[in-house]
Amino acid sequence: MILYDSQLDLEEVERIVFGEEEVRLADVARKRIADCHLFLKDFACDKVIYGINTGFGPMAQYRVSEQHLRELQYNIIRSHATGAGEPLSDRDVRGAIVARLGTLVQGLSGIHISVVDLLIEFLNRKIYPMIPRHGSVGASGDLVQLAHLALALIGEGEVHYKGEWRSAGEVLAEEGLKPMSVHIREGLCITNGTSVMTGIGMNNLIRSRQLLRWSEVASAMINEIVESYDDFLSETINTAKRHEGQRIIASDMRRWLKDSRSLRDRQSELYNSTHSDEEVFEHKVQPYYSLRCVPQILGPVYDTLRNVEEVLVGELNSACDNPIVDPATRNVYHGGNFHGDYVSFEMDKLKIAITKLTMLGERQLNYLFHDRINGILPPFVNMGVLGLNYGLQASQFTATSTTAECQTLSMPNYIHSIPNNNDNQDIVSMGTNSALIARTVIENSYQVMSVLFMTLVQAADCIGAADRLSSRSREIYDEIRAFFPAFREDTPKYREIREMIDYLKKEKLEL
């Protein structure tokens with residue numbers, strides 16, 4: 001059980017979203033939310049406040065009469081539930097709910113405490129509103145998609161519950177939950193903000209951190225298999241370049257490989273006279289860039305993910321709706337905290353970083369497949385009869401085409417603003433689109449990484465290298481071989497690719 005006060009970190013989000021750990025609202029947060037609501041209830045009398053007694057968006061110039069104020073809040077929910085496309089996954093909906101709670105627990109929204117309690121019940125009881133993929137331009141946040149969340153809260157939408165799509169009203173009644181009621185501004189408060197893009201973004205980041213760890217492991221294993229010289233990871237060379245990410249990647253890999261019997265010691269092998277008569281050196285003096293430049297390539301990925309985490313955790317723990325209701329200064333402030341540029345920009349950076357990570361994996365894969373390049377392995381790590389059998393040859397097509405799609409998708413989306421809403425929203429973030437495109441890049445990367453790890457263990461067996469691997473590499477080798485045994489005869493591999501993806505996503509790595 002996680003006690004929700006006003007701040008969550010990435011590890012807590014992972015426990016709630018991926019681990020489905022339950023949440024309880026802290027008493028101090030409950031009081032903060034209730035106090036803000038009471039202040040707004042008193043403050044709003046005889047004042048013009050956006051979205052309480054005015055229309056929404058360009059309609060804000062129109063006063064709404066007192067007898068229609070409750071209806072106004074329901075209207076924004078119903079009118080904006082216009083999304084299209086496939087529903088978001090349960091995990092992304094969990095992320096969106098966590099992010100919405102992150103805004104509400106700040107106590108700056110004026111919402112009634114019962115709405116927060118209902119959101120927590122949805123989360124803990126695994127009731128997932130149907131939120132379509134398309135509909136958000138990222139300002140005023142995720143209006144359309146959050147309207148679908150709100151629609152379920154009032155018992156009028158659909159929810160995914162126990163593996164079935166059902167009426168939200170039926171599920172609420174079955175669970176003994178009362179639908180959300182309108183007190184002052186509940187409709188606008190739920191629909192206005194960056195919670196969907198932030199929820200998806202947090203999930204993207206968690207998956208990306210796992211990918212980075214796997215890329216480090218794959219890079220360690222390939223250097224072991226081909227018996228690279230070890231100095232490319234040395235502390236001296238990697239501190240000579242003043243980037244923290246590079247130093248951390250090199251340090252991680254040194255720890256991983258500390259007991260490897262495959263890496264060569266350059267000083268003992270080359271810095272002596274034993275090679276003085278050789279005109280052509282049998283072993284590569286320097287391996288290809290995809291092997292020896294790993295700290296320089298994955299270092300920027302590490303630094304990017306660290307910055308993405310800082311921004312997304314900041315967004316998660318922010319009040320991102322409008323207006324902001326502040327009991328401390330006893331005022332209501334109108335502005336644009338719903339704007340998703342912070343998230344959108346970071347999602348573009350994230351997908352670029354993961355695409356480069358994917359490109360590194362694809363090049364390492366090509367190195368292992370290409371016998372004339374590596375000089376030690378059969379073509380396509382084929383342990384069968386060359387010409388008759390094909391090893392993992394065709395799996396390279398999958399990895400190459402998928403990497404190419406990542407490269408195409410990595411063009412920035414953050415800059416693709418299209419004015420809409422009668423030009424009231426004249427510059428927008430497209431933040432949820434950015435998050436969803438980044439999601440595709442991440443899923444693609446897992447596909448490429450799955451082929452790379454199938455190839456690594458097959459390559460190790462081709463040359464009998466398994467017993468020379470570091471203890472940690474050997475653990476990975478054994479785990480993979482438990483469900484993907486060495487093979488000589490040709491068989492379809494699509495099931496194994498799927499199983500490998502599941503393994504890479506589920507196996508928790510600490511470097």
Side-chain angles (χ1 to χ4, degrees), residues 1-26 29 88-105 119-128 131 149 160 194-217 245 248 252 298 301-318 320 342-343 346-347 349-351 353-354 357 431-432 434-436 438-443 445-446 449 501-511:
M1 175 76 71
I2 290 180
L3 192 65
Y4 208 147
D5 179 2
S6 62
Q7 301 288 314
L8 288 179
D9 60 27
L10 188 63
E11 283 65 34
E12 288 170 321
V13 171
E14 185 170 5
R15 285 163 55 194
I16 298 170
V17 177
F18 286 75
E20 298 184 347
E21 192 163 332
E22 292 191 353
V23 172
R24 183 170 69 84
L25 189 64
L88 297 181
S89 68
D90 291 351
R91 185 164 287 153
D92 281 341
V93 175
R94 282 187 75 81
I97 294 174
V98 169
R100 199 71 209 136
L101 286 169
T103 281
L104 302 180
V105 299
L119 275 171
I120 290 175
E121 291 293 345
F122 269 51
L123 197 63
N124 290 344
R125 301 188 193 209
K126 302 179 179 63
I127 302 170
Y128 304 123
I131 301 178
L149 170 62
H160 199 225
T194 62
S195 302
V196 173
M197 68 178 80
T198 301
I200 297 170
M202 296 293 286
N203 294 348
N204 286 349
L205 178 57
I206 290 165
R207 285 291 194 214
S208 296
R209 294 205 309 178
Q210 183 81 337
L211 273 171
L212 177 57
R213 296 185 189 105
W214 280 120
S215 186
E216 290 183 75
V217 172
I248 288 173
D252 285 348
L298 293 184
V301 177
Y302 176 92
D303 289 336
T304 299
L305 266 58
R306 185 180 56 181
N307 191 69
V308 172
E309 179 177 352
E310 181 181 346
V311 172
L312 286 186
V313 170
E315 189 76 23
L316 173 73
N317 295 309
S318 298
C320 67
Y342 271 107
V343 177
E346 295 308 310
M347 288 298 99
K349 295 175 189 176
L350 179 66
K351 73 182 181 184
I354 296 303
L357 178 152
T432 303
S434 296
L436 287 167
R439 162 61 47 79
T440 301
V441 168
I442 292 162
E443 291 300 318
S445 187
Y446 272 101
M449 197 66 69
I501 292 170
D502 290 341
Y503 166 78
L504 295 175
K505 286 182 176 180
K506 291 176 182 175
E507 183 69 16
K508 299 299 293 182
L509 278 176
E510 295 297 333
L511 299 180

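Heads up: numbering here begins at 1 and tracks the sequence.
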Next item on the list: Mind running side chain to side chain contact (heavy atoms under 4.5 Å, CB included) on Arg209 and Leu10 for me, showing each step along the way?
Entry: CA-CA 11 Å; Arg209 294 205 309 178; Leu10 188 63; 3.3 Å; yes

Item checked: Residue pair Val13 / Leu205, side-chain heavy-atom distance below 4.5 Å -> no

Notebook entry, point to check: Is Glu11 salt-bridged to Lys508, cutoff N-O under 4.0 Å?
Noted result: no

Check: Which distance, rounded to the nearest 0.5 Å, do you find between the NZ of Lys506 and the CZ of Phe18?
Finding: 13.0 Å

Next item on the list: Drop me the distance from Tyr446's OH to Asp502's CG, to the nearest 0.5 angstrom.
Entry: 11.0 Å

Margin query: So Val313 and Met202, do their side chains get closer than 4.5 Å, heavy atoms only?
Written below: yes

Check: Heavy atoms, side chains only, cut-off 4.5 Å: are Val98 and Val23 in contact?
Finding: no

Checklist line | Contact summary for Lys351 and Val441, nearest pair of heavy atoms | finding: O-CG1, 3.7 Å

Checklist line | Residue pair Leu312, Asn204: steps toward the side chain to side chain contact (heavy atoms under 4.5 Å, CB included) verdict | finding: CA-CA 11 Å; Leu312 286 186; Asn204 286 349; over 6 Å; no

Check: Are any non-hydrogen side-chain atoms of Arg207 and Lys505 less than 4.5 angstrom apart?
Finding: yes

Margin query: To the closest 0.5 Å, what do you measure between CG (Leu101) and OG (Ser6)?
Written below: 13.0 Å

Notebook entry, point to check: If you look at every heavy atom in Leu509 and Val217, which pair is closest and at what distance?
Noted result: CD1-CG2, 4.0 Å

Note to self: Quick check for you: to the nearest 0.5 Å, what is the distance between Arg439 atom CZ and Ser434 atom OG?
What the structure shows: 13.5 Å

Notebook entry, point to check: Below 4.5 Å, heavy atoms only, C-beta onward: do Val196 and Ile200 meet side chain to side chain?
Noted result: yes

Notebook entry, point to check: Around atom OH of Tyr342, are there more than 12 heavy atoms of other residues, nucleotides or ligands at under 6.0 Å?
Noted result: no

Margin query: Quick check: closest heavy atoms across Leu504 and Gln210, and the distance to 0.1 Å?
Written below: O-NE2, 3.2 Å

Check: Is there a donor-acceptor pair under 3.5 Å between the side chain of Asp303 and the backbone N or O of Gly245?
Finding: yes

Notebook entry, point to check: Rounded to the nearest 0.5 Å, what separation is found between the CG atom of Leu3 and the CG atom of Leu25?
Noted result: 8.0 Å

Notebook entry, point to check: Any side-chain heavy-atom pair from Lys126 and Arg94 closer than 4.5 angstrom?
Noted result: yes

Item checked: Rounded distance (nearest 0.5 Å) linking atom CG of Leu357 with atom CD of Glu216 -> 9.5 Å

Checklist line | Contacts of Ile248 that satisfy side chain to side chain contact (heavy atoms under 4.5 Å, CB included) - sequence neighbours left out | finding: Glu244, Asp252, Tyr302

Next item on the list: Give the C-alpha distance, both sets of side-chain angles, the deciding distance and a yes or no for side chain to side chain contact (heavy atoms under 4.5 Å, CB included) between Arg91 and Val17.
Entry: CA-CA 6 Å; Arg91 185 164 287 153; Val17 177; 3.5 Å; yes

Note to self: Looking at every non-hydrogen atom in both residues, tell me the closest pair between Ala99 and Gly199 and how far apart they are.
What the structure shows: CB-N, 4.0 Å

Note to self: My understanding is that only one of Thr432, Val311, Val343 makes a side-chain contact (heavy atoms from CB on, under 4.5 Å) with Thr198; could you say which?
What the structure shows: Val343

Checklist line | Test side chain to side chain contact (heavy atoms under 4.5 Å, CB included) applied to Ile2 - qualifying residues, sequence neighbours left out | finding: Leu8, Glu12, Arg15, Ile16, Glu21

Checklist line | Ion pair Glu346/Lys349, N-O distance below 4.0 Å | finding: yes

Next item on the list: Would you name the heavy atoms of Cys320 and Ser195 that are closest together and state the gap between them?
Entry: SG-OG, 4.3 Å

Next item on the list: Report the residue from Asp90, Leu88, Asp92, Leu149 that forms a side-chain contact (heavy atoms from CB on, under 4.5 Å) with Tyr128.
Entry: Asp90

Notebook entry, point to check: Is there side-chain contact between Met347 and Met197, with heavy atoms separated by less than 4.5 Å?
Noted result: no

Next item on the list: Might you point out which heavy atoms bring Ile354 and Ser445 nearest each other, and give the distance in Å?
Entry: CG2-CB, 3.7 Å

